[in-house]
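These notes concern the structure reproduced below.
Protein chains get the first letters and strands the later ones, always in sequence-line order, with residue 1 at the start of each.
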There are 2 protein chains.
Amino acid sequence: MILARIILGLLDLAPMSGYDLKRHFDTTINHFWSADRAQIYRTLARLVEDGLVTVETLAGAKAPDRHEHRITPEGRDALREWLTSELDRQPERDAFLARLFFAGSLDDAELAGLLARYRAAAQEQLDALEAIRASTPPPADRRARLRIVTLNCGLTRTRAELDWLDEVTKELT
Amino acid sequence: MILARIILGLLDLAPMSGYDLKRHFDTTINHFWSADRAQIYRTLARLVEDGLVTVETLAGAKAPDRHEHRITPEGRDALREWLTSELDRQPERDAFLARLFFAGSLDDAELAGLLARYRAAAQEQLDALEAIRASTPPPADRRARLRIVTLNCGLTRTRAELDWLDEVTKELT
DNA sequence: ATCTTCCATAAGACTTGTCTACTAGCTTCG
DNA sequence: CGAAGCTAGTAGACAAGTCTTATGGAAGAT
């Protein structure tokens, strides 16, 4: 389960509560993975059960109790094992391509609308990624460089998608 | 649920059994969606229950009974409604980027290996997509053109990914 | 003559992920 | 003063997807 590995990865950077993790998922991690609160807490519970993570309850002075989670040596081993394990090819899943594939029954205007709306969404995503990159300081160490590199992947892909969309739009009208 | 829509889309092209659908998922549809047998049969049952699809059992002369599924007018309406509905932005989910993001603790050789293995997989996928395109006759109608267009999206994306990988590999070594 | 593969469906357990709502105190803004 | 929003975690239902096993005949291979 990948979510568990990602959580281990985040806890390897710093000890965190479930809430902290959720924030990371919604910001830093957002461009390649997302997670629901409930899912995060459940996964954390399982990681603790499996001994890959420990919990410490910190009584909150001005906030509710925090459950601070810390990765264990076994957790670090599991993380390392994941990073060096064989790649498991994940199947493609693209709801937009599915629609487009079956869009033969739409008329020209409807099809053009579908493409235009997707283009707008893609452009928006490109802007968002570029904004993140613009606000990221130049990478100091290996870790920071890897973070930028994953961002660049999103940028490259999104730009490629925009090129493809323009081509398609020209071709189909 | 997108699987149900895709099944409706396929049944709109021709009446089919669950088995036929599975074959389509493993071939035609494969580059943008995949589905498990059990999942397909369950979804079909629900579509029938909802009146979007009808079943007719054909006693198999030389094979087991086939349940031929046919889309109903209500099914066609539902399909059309999907095609013209608002786009729901699907969250990114990329197991490889997740690994790369956390690969800071790997040494240079391990990181290079990770990238090389992913590159090989991407190249393989590119070859597979190109093989499909090469074996596809030039598009005659709108539907056929849309099919090619979705294929092209995969090609464009995969090529962009390969470019990105080369850049990353150069940068990190 | 047996072994594998294809055709075709079904049942069941299990894992992942999503959605909604609840508790409860603190801060901030109007 | 009250409403909204943040911090923090919990609970339960539900939806979607995966994996495994079972059945059983027909065609083709070795």
Side-chain angles (χ1 to χ4, degrees), chain A residues 1-8 10-11 15-27 29-30 32-50 53 55-69 82 88-95 98, chain B residues 1-8 10-11 15-27 29-30 32-50 53 55-69 82 88-95 98:
Chain A
M1 188 213 202
I2 293 170
L3 188 66
R5 313 299 166 191
I6 294 179
I7 290 178
L8 282 178
L10 286 169
L11 293 180
M16 282 183 219
S17 68
Y19 194 86
D20 294 333
L21 286 167
K22 178 58 178 159
R23 258 192 296 108
H24 270 91
F25 274 99
D26 291 345
T27 54
I29 298 302
N30 196 38
F32 62 81
W33 210 270
S34 61
D36 186 78
R37 267 204 320 300
Q39 186 72 9
I40 290 172
Y41 284 111
R42 252 184 316 224
T43 306
L44 270 175
R46 228 205 47 202
L47 286 170
V48 170
E49 206 183 300
D50 293 351
V53 155
V55 217
E56 188 184 353
T57 304
L58 305 177
K62 49 176 69 179
D65 289 358
R66 276 170 65 78
H67 296 321
E68 193 156 77
H69 294 79
W82 172 54
D88 43 336
R89 180 126 204 72
Q90 57 185 354
E92 296 287 330
R93 242 135 221 280
D94 191 310
Chain B
M1 187 214 202
I2 294 170
L3 188 65
R5 313 299 166 192
I6 294 178
I7 289 178
L8 281 179
L10 287 169
L11 294 180
M16 281 184 220
S17 67
Y19 194 86
D20 295 332
L21 287 167
K22 177 58 178 159
R23 257 191 297 108
H24 269 91
F25 274 99
D26 291 345
T27 55
I29 299 301
N30 196 38
F32 62 80
W33 209 272
S34 60
D36 185 79
R37 264 199 327 297
Q39 187 72 11
I40 290 173
Y41 284 112
R42 251 184 316 222
T43 307
L44 271 176
R46 229 205 47 203
L47 286 171
V48 170
E49 206 183 301
D50 293 351
V53 155
V55 218
E56 187 185 354
T57 304
L58 305 176
K62 48 175 70 177
D65 289 359
R66 276 171 64 79
H67 296 322
E68 193 156 76
H69 295 80
W82 173 53
D88 42 336
R89 181 127 203 70
Q90 57 185 354
E92 297 287 331
R93 241 138 221 278
D94 192 311

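- Mapped onto DNA chain C by nearest heavy atom, A:Met1 and B:Ser17 fall at different nucleotides, with B:Ser17 at the one closer to the 5' end.
- Side-chain N or O atoms of A:Thr43 include one that pairs as donor or acceptor with a backbone N or O of A:Gln39 at under 3.5 Å.
- Here A:Arg23 pairs with A:Asp20 in a salt bridge; the nearest charged N to carboxylate O distance falls below 4.0 Å.
- Taking atom CD of B:Glu92 as the reference point, atom C1' of C:dG17 lies 17 Å away to the nearest angstrom.
- Atom CH2 of A:Trp33 and atom C1' of C:dT18 are 15 Å apart (whole Å).
- For C:dT16, its base never sits under 3.5 Å from the side chain of A:Arg46 at any donor and acceptor pair.
- Nucleotide C:dT16 holds its P atom 21 Å from the CD atom of B:Gln90, rounded to whole Å.
- Contact annotation: B:Tyr19 reaches the phosphate of C:dC7 (side-chain N/O to OP1 or OP2, under 4.0 Å).
- Taking atom CZ on A:Arg42 and atom C1' on D:dA11, their separation rounds to 10 Å, with Å as the unit.
- Rounding to whole angstrom units, CG of residue B:Asp88 and P of C:dT18 are separated by 13 Å.
- Atom-to-atom, CG of A:Asp36 to P of D:dC14 comes out at 17 Å; the value is rounded to the nearest Å.
- Between A:Gln39 and the phosphate of C:dT16, there is no side-chain N or O to OP1/OP2 separation shorter than 4.0 Å.
- One atom, CD1 of B:Ile2, and another, P of D:dA15, lie 16 Å apart when rounded to the nearest Å.
- The shortest distance between side-chain heavy atoms of B:Leu3 and B:Met1 falls below 4.5 Å.
- Rounded to whole Å, atom P of D:dA8 lies 14 Å from atom CG of A:Leu44.
- No side-chain heavy atom of A:Arg93 sits under 4.5 Å from any side-chain heavy atom of B:Arg93.
- Applying the 4.0 Å criterion to OP1 and OP2 of C:dT9, one finds that B:Tyr41 has a side-chain N or O inside that range.
- Between the side chain of A:Arg37 and the base of D:dT7 there is no donor-acceptor pair of N/O atoms closer than 3.5 Å.
- Distances shorter than 4.0 Å separate some side-chain N or O of A:Arg93 from OP1 or OP2 on D:dG17.
- Looking only at side-chain heavy atoms (C-beta outward), B:Phe25 and B:Asp36 stay at 4.5 Å or farther from each other.
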